[in-house]
Amino acid sequence: MRREKNVTTYWLRIITEILFLFVFGIILFRGRYQLWFFLFVAGLLVSLILGRLFCGWNCPMSTIFRPLNSIYKKFKINRMKTPKVMQYPIFRYIFLALFLAVMQITRRMGLNVPILGFMLGIAVMITFFFEETLWHNMICPF
């Protein structure tokens, strides 16, 4: 019984991740970034009650990282660990401030810059070289 529940939960999580990746793609290609921001804030609010639900079940970065991690494991390629200097909490706040500043600057200048697309690209590039915990624990604005 327990194993069936784990398998069901696993597949439900995979389906949810793929669904949110699909929604993320539609939002990204249509340029409706405010809609993703709404989903992001909703994830933050739900996380206050249920923990990091958004990260584990909805984050498009995690969905993309999963197959990337499988490739690295299959070919036994080791990635660099998070640099010790970046493990200080101040770096997390610096990255969050930079993210918010870029969002404000582009908005005030009236630029239609696909910030979500850039974030996705940066996240993938980081995980090519470093373990994904660098993105999740140090850089991700969530």
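Predicted model only: the values in this text are computed from it and were never measured. Hydrogens, waters and symmetry mates are skipped; everything else that's a heavy atom, side chains included, is used.
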Working for side chain to side chain contact (heavy atoms under 4.5 Å, CB included), residues Ile14 and Glu17: CA-CA 5 Å; Ile14 295 295; Glu17 286 178 344; 3.9 Å; yes

Contact check, side chains of Met86 and Phe95, non-hydrogen atoms, under 4.5 Å: yes

Within-4.5 Å side-chain heavy-atom neighbours: Trp57 and Leu12: yes

Residues Arg79, Phe130; criterion side chain to side chain contact (heavy atoms under 4.5 Å, CB included); working and verdict: CA-CA 5 Å; Arg79 290 179 275 184; Phe130 293 93; 5.6 Å; no

Working for side chain to side chain contact (heavy atoms under 4.5 Å, CB included), residues Phe91 and Val85: CA-CA 9 Å; Phe91 282 101; Val85 71; 4.0 Å; yes

Common cluster, Ile94/Phe118, ILVMFWY with side-chain heavy-atom separation under 4.5 Å: yes

Exercise: do Asn58 and Arg13 side chains pair donor with acceptor under 3.5 Å: no

Worked verdict on Ile27 versus Leu39 for side chain to side chain contact (heavy atoms under 4.5 Å, CB included): CA-CA 11 Å; Ile27 289 170; Leu39 292 172; 4.1 Å; yes

Min side-chain heavy-atom separation Met61-Met119 under 4.5 Å: yes

Crowding at CE, Met109 (>12 non-hydrogen neighbours, <6.0 Å): no

Lys81 bridged to Glu131 by N-O distance under 4.0 Å: yes

Of all pairs that satisfy salt bridge (Lys or Arg N to Asp or Glu O under 4.0 Å), the ones with a partner from residues 38-47, not counting sequence neighbours: none

Identify every side-chain donor-acceptor pair in residues 70-78 under 3.5 Å, counting partners at least two apart or on other chains, and give the distances.
residue : atom : partner : partner atom : Å
Ser70   : OG   : Arg66   : O            : 3.2
Tyr72   : OH   : Phe128  : O            : 2.5

hydrophobic_cluster_shared for Leu21 and Ile26, side chain cutoff 4.5 Å: no

Pairs satisfying salt bridge (Lys or Arg N to Asp or Glu O under 4.0 Å), at least one member in residues 93-106, at least two apart: none

